[in-house]
Each structure stands twice: as C-alpha cells, then as structure tokens.
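First up is the structure itself, then whatever we jot down about it.
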Amino acid sequence: MKKPNVLVVGGGGAGLAAAITAAEAGCSVLLLEKGERLGGSTGWSIGSITAAGTPDQRAAGVQDHWEDHLADMPAWAGDQAARDNMALCEVLTRHAAQAVAWLRESGVEFIGVFEEPPHRKPRMHNVLPNSGSYIYHLSRRARRAGVQCLLQTRAEKLLQAPDGRVTGVQARGPDGDMQVLNAGAVVLAGGDFNASREFKLEFGNADQVDIPAINRLATGDCQRMGRESGGRVVNGDIALSDPRFRFAPPARRPWFLSLPPVRPITTIMRWAMRVLPPRLARPFVMSFVTTALAPEAHLLKLGASLVNRKGEVFLRDSEKIGHGIARQPDNAAWLFMDGPRLALFSHWPNFISTAPGVAYAYIDDYERNRPDLCTRARDIRTLAARSGMPLAALQQTAQAAGFESGPYLLLGPIQAVTVIADGGLAVSPRLEVLDAANVPIPGLYAAGAAGQGGLLLKGHGHHLAWAFVSGRVAGRSAATAARQE
C-alpha cells in the first residue's frame, strides 16, 4: 500500500472499529496486528455490552436514556469516582446504543437486556454465541471496506515531524525486518498493559509481575509509544485489581466453537433462550460459554476445598485466592469436593460459575462440556490414582474439610491470571492523544484500553462498549484529520 490516510495499531475490537470507520469514510487504511490473528482482548472477553436507549430495551418495555446511564456511572466507581473521567463517560454513554446498532448491522447478534446493579435499569446486552462473533464479523466488514491488515507486525516507534505531528510508525515485520510506514494519521488501539512487567513495576503492582496475563500480547506497546511522543498515562496506579482466577482453557477447541457465528446460528440461540423451556435451552447455551468461565469464590464458603498439585490446602489467612494460586507449582489449583457438595453445587443458588445475564453453570454442565476439568471417583484412593495426587494428602484434606462420603471430584486446574489494566493514554473527547499540557498531539489518536484516558469502566459491559465507541470516534477523527492534511 502507498502511504495510507490512516494507520491503526492493534487488531482487536477498538482497532477494527477505528479501521472500518475510517475506511467507510473514504480513507485508505492500514492496520497492524502483532499477533498471528485478529482479536486482541476482545476475543478473550465474556462478550457483554452495556448501553442505554437500545431497541432491545424498548422491546423489553424498558424506557432508558444515555443521560440516565451517565448518572449511574459514579455508583460503579465508588470511592474512586473523583478520579473518573466524566467527559469520556459522556462519550461512552451517549454513543453506546449507536455502537450496538453498528455491531448488529455488521452481523453481530445479542440477547438481553439484563440487570446488573447498581445500574438502575437493565442495560446489559450479551453477544451470541460468544465474543468471537465480534472479530468474525468485523474482520469481514474490514475486508469489504478495503482495510489492509498486516499480521505479525509490531509497531515499535511513532514517527514525528519537527513540529511534533505524528506521521507514521516504525514497525518490525514477521521476518524481523524494520519497516517505516508513513500515514496521514495514526490510531493507537493496542490494548492494555497487564502483560507488561515494566508497567506493573512502574505502577506499583510488583506482586503481579509473575502472574500470567489472559492476553499475553497486552504489553502496553501503545502506551509506551504514546508517552515517548509526548503523551501521558492516566490512572496507571489503580490500573490492576487483584489477580483473577480462571479454569484452564481446553487443550483442543471444541468443534462447536469453530462454527461461524452467522445469523442462522445466533438466531436459533436467541429463539431458544426466549422460547424453549430452561431444561432444553440451558444445555445448548452452556455448551458455548463454559469454556471461558471462572469458578466463584463462594464455593469455598460452601465447603469445597482448594488444593494444589500435592493435594494440600494452601491459602493463608486473609490471602486473596489469585495470589494464593499464583504461589503454587505450575500456577495451578483444584476444587476438591465430596458427594454432598456435588449435590449442593448441582442447583440454584449454588452455581460453579456465572455467565453474566445468560446462565449459571453447575457441576453437570462442567462434566458434560468440560470433562477435561473433571476427575471423579467413588473413593479417595481411586481419585488419588486418577489425579496423580498423593493419597495421604487428599485423605488429610478430606478429613479436615469434614467430607462425609463419595463420589469425590477434583475440578481444575484453575490458574491465576491478570485480565485487564485500565491505565490508558490521556485523550480528548475526540480521542486525540493529549500531551502534558492537555494539548492534542497532531495526527495521533488512541482508542480502547490504550486510549482509556482515566475512565474506570467498572462492571460488566463497559470495557467492550468503550472499545467500540472509542474506536469509531477515533477512526472518524483520524479520517477527518488525514483528509485535511
């Protein structure tokens, strides 16, 4: 490609939204993605989007407005509300419903709306069948719009003219060669920095340095390049919360998750969830979501034990579960339970996992859809033989836990991970990257986590909503600037 009007760094939801928007505005667009495929953190997400004033709400009889959504945002931020960026909160809430409509126009389908306090009205829209639908449909829309994508190409440095205008990037391709790529405007959309050792140390998260990230490509390249060009990171010191814990992903992707998320499939899912009795709809729905869920902490309060590879209970007093798991060999732990607990965790309200607003997963769901996580036996001796854990340790753990009778189950491995770091570059409501004096850096824009600009985005559905809203705004702003160059 000759010099593109707009160059986008990052091929997740925000980057694709920016690239498509700029291309459909008449610009030539080049997108760089350092991974082997498009997707970014969007592809790892649960998939919910929170928005007000959508047709889904109206169909459910919910009267809502973006200003009501905006008014609820401080309740999510809690005691950190003073640090939230309310100007960007307005951008998010004002345009979230338009983003949902744009995604649906692209081929994405949703189920909802669902409640999630402290939202005062149901606003959660969940994607069908899973978050892979976003990348499937947006990558095709990008191709139709003429966006050129370079995979396995990592942007390493922004190019700047003597007057400070950003004029392109220096990038390293899959063969290791350095490339100079000029552009009329650049959009940074490379995600967050939760996989960056340097950023974790800088912003006071040393206890999470060795905990793996759910997206190991989220190394904060865009934040680093933005700062080197005069930008600044906002809220980096509160970017990471306690480490999360999730079931290990399957070694092989189930065949049904490889089905394209085209309208016939998502329409059937939507119909099934609305019309079929729960006993028929649940197994169908849960097969699509149990590969990406996490165990709930309340399981330990209800009598399950968390053990390491040696069959030993390891959590210290008041220790966070994620930190405790991270200390264990191979960063792995298992939920250990007996027959009475198995019966307890087979029905409401004692679920193993929850997919927000969609369904709750119980023991039967995991044994049916994730047998790779389940080691079951009639007695502890057989369980030890099947799992490779020491018999004496399992017997001691069972006695201390007051386990009464079999069958017994080990559910795992469960791994500690970091999911997202919210420290992003300071940006204007037009998603222009701002310097230390809050002056826009000419030719430079940021979207998604890279351009979060102080937004706190608590709760389900706000991160994805921001990815698509900010991506579209940044793409539109970059296209306007590039045409005026």
task = For the pair Leu158 and Leu188, evaluate side chain to side chain contact (heavy atoms under 4.5 Å, CB included) and give the outcome as yes or no after the intermediate values.
result = CA-CA 10 Å; Leu158 294 174; Leu188 300 176; 4.1 Å; yes

note = Distance col, row Leu150:CG vs Glu33:CD, nearest 0.5 angstrom, shows 11.0 Å

note = Closest non-hydrogen contact found for Arg120 with Ala71 is NH2-CB, 3.7 Å

ask   = Relative to the ring of His119, is the ring of His69 parallel (under 30°), tilted (30 to 60°) or perpendicular (over 60°)?
value = perpendicular

ask   = What distance do His323 atom NE2 and Ser318 atom OG have between them, rounded to the nearest 0.5 Å?
value = 13.5 Å

message = Nearest 0.5 Å, please: how far is CD1 in Ile363 from CZ in Arg368?
response = 12.0 Å

Test: Arg244 and Glu296 ion pair at under 4.0 Å = no

message = Nearest 0.5 angstrom please: Asp64 CG to Gln57 CD, how far?
response = 4.0 Å

task = Given side chain to side chain contact (heavy atoms under 4.5 Å, CB included), test Leu434 with Val439 step by step and report yes or no.
result = CA-CA 5 Å; Leu434 303 175; Val439 175; over 6 Å; no

query = Hey, is the main chain of Val127 close enough, under 3.5 Å, to the side chain of Ser131 for a donor-acceptor pair?
reply = no

query = Any idea which heavy atoms bring Ala326 and Ile211 closest together, and the distance?
reply = CB-CG1, 3.7 Å

task = Quick one: closest heavy-atom pair of Ala77 and Ala81, and the distance?
result = CB-CA, 3.5 Å

task = Check whether any side-chain heavy atom of Cys89 sits under 4.5 Å from a side-chain heavy atom of His462, and report yes or no.
result = no

query = Can you check whether Arg246 reaches Val419 side chain to side chain, under 4.5 Å on heavy atoms?
reply = yes

Side chains of residues 420-428: which donor-acceptor pairs under 3.5 Å do they make with residues two or more places apart or in other chains?
unit_1 : atom_1 : unit_2 : atom_2 : d
Asp422 : OD1    : Gln452 : NE2    : 3.3
Asp422 : OD1    : His463 : NE2    : 2.7
Ser428 : OG     : Arg430 : N      : 3.1
Ser428 : OG     : Glu432 : N      : 3.2
Ser428 : OG     : Glu432 : OE1    : 2.7

ask   = So, does Asp435 use its side chain to make a donor-acceptor pair with the main chain of Ile441 at under 3.5 Å?
value = no

query = Do the side chains of Gln223 and Phe199 get nearer than 4.5 Å, heavy atoms only?
reply = yes

note = Heavy-atom closest pair (Thr42 atom, Phe468 atom, distance to 0.1 Å) is CG2-CZ, 4.2 Å

ask   = With a 4.5 Å heavy-atom cut-off, do Leu151 and Thr153 have their side chains touching?
value = no

query = Heavy-atom distance under 4.5 Å between the side chains of Val187 and Leu431, does that happen here?
reply = no

message = Regarding Asn194 and Arg216, do their side chains bring together a donor and an acceptor under 3.5 Å, going by distance alone?
response = no

task = Locate the shortest heavy-atom distance separating Asn235 from Gly454; write the atom from each residue and the value.
result = ND2-O, 3.0 Å

inquiry  = Is the ring pair Tyr366/Phe247 parallel, tilted or perpendicular, if the boundaries are 30 and 60 degrees?
reply    = tilted

Worked check of side chain to side chain contact (heavy atoms under 4.5 Å, CB included) between Leu138 and Leu103 = CA-CA 8 Å; Leu138 293 184; Leu103 288 163; 4.1 Å; yes

key: Side chain Ser477, main chain Val473, donor-acceptor under 3.5 Å   = yes

inquiry  = Tell me if a side-chain donor or acceptor on Tyr134 pairs with a main-chain N or O of Gly47 at a distance below 3.5 Å.
reply    = yes

task = Could you pull out the closest heavy-atom pair between Leu217 and Gly35, with the gap in Å?
result = CD1-CA, 3.7 Å

key: Thr54-His125 side chain donor-acceptor pair, cut-off 3.5 Å   = yes

inquiry  = Under a plain distance cut-off of 3.5 Å, with no hydrogens placed, do Lys34 and Thr219 share a side-chain donor-acceptor pair?
reply    = yes

task = Measure from the side-chain N and O atoms of Asn85 to the backbone N and O of Leu88, and report whether any donor-acceptor pair falls under 3.5 Å.
result = yes

ask   = Salt bridge between Asp84 and Lys458, side-chain N to carboxylate O under 4.0 Å?
value = no

ask   = Using a distance-only test with no angle check, is there a side-chain donor-acceptor pair under 3.5 angstrom linking Trp66 and His95?
value = no

task = Taking Lys3 for its side chain and Asn182 for its backbone only, find out whether a donor-acceptor pair lies under 3.5 Å.
result = no

request  = Flag the pair Arg370 / Pro250 as yes when at least one side-chain heavy-atom distance between them is below 4.5 Å, and no otherwise.
outcome  = yes

query = Is there a donor-acceptor contact under 3.5 Å from the side chain of Asn369 to the main chain of Asp365?
reply = yes

request  = Decide side chain to side chain donor-acceptor pair (under 3.5 Å) for Arg483 and Asn5; before the verdict, give the C-alpha distance in whole Å, the side-chain angles of both, and the deciding distance to 0.1 Å.
outcome  = CA-CA 7 Å; Arg483 287 195 299 264; Asn5 299 124; over 6 Å; no

Side-chain donor-acceptor pairs of residues 9-25 under 3.5 Å, sequence neighbours excluded:
unit_1 : atom_1 : unit_2 : atom_2 : d
Thr21  : OG1    : Ala17  : O      : 2.7
Glu24  : OE1    : Arg141 : NH2    : 3.0
Glu24  : OE2    : Arg141 : NE     : 2.8
Glu24  : OE2    : Arg141 : NH2    : 3.4

Whether over 12 other heavy atoms sit under 6.0 Å from Arg83 CZ = yes

inquiry  = I want to check something: taking the side chain as every heavy atom from C-beta on, are Val29 and Pro4 in contact at a cut-off of under 4.5 Å?
reply    = no

ask   = Any sub-3.5 Å donor-acceptor pair from Ser139's side-chain atoms to Tyr136's backbone N or O?
value = yes

query = Under 4.5 Å between any side-chain heavy atoms of Val8 and Leu32, yes or no?
reply = no

query = At what distance, to the nearest 0.5 angstrom, does CG of Leu299 lie from CG of Leu411?
reply = 8.5 Å

query = Any ion pair linking Lys157 and Glu228 (charged N to carboxylate O, less than 4.0 Å)?
reply = no

Derivation and outcome, side chain to side chain contact (heavy atoms under 4.5 Å, CB included), residues Val166 and Val433 = CA-CA 11 Å; Val166 171; Val433 175; over 6 Å; no

query = Is Asp72 salt-bridged to Arg123, going by a charged N under 4.0 Å from an acidic O?
reply = yes

ask   = Counting N and O atoms only, with roles assigned by atom type, does the side chain of Arg224 sit under 3.5 Å from a partner on the main chain of Glu156, one being a donor and the other an acceptor?
value = yes

key: Exercise: do Ser41 and Asn215 side chains pair donor with acceptor under 3.5 Å   = yes

inquiry  = Does Lys121 have more than 12 heavy atoms from other residues, nucleotides or ligands lying within 6.0 Å of its NZ?
reply    = yes

key: Point-to-point distance, once rounded to the nearest 0.5 Å, from CG of Leu31 to CG of Leu38   = 6.5 Å

query = Is it true that a side-chain atom of Ser353 and a backbone atom of Ala294 form a donor plus acceptor pair closer than 3.5 Å?
reply = yes

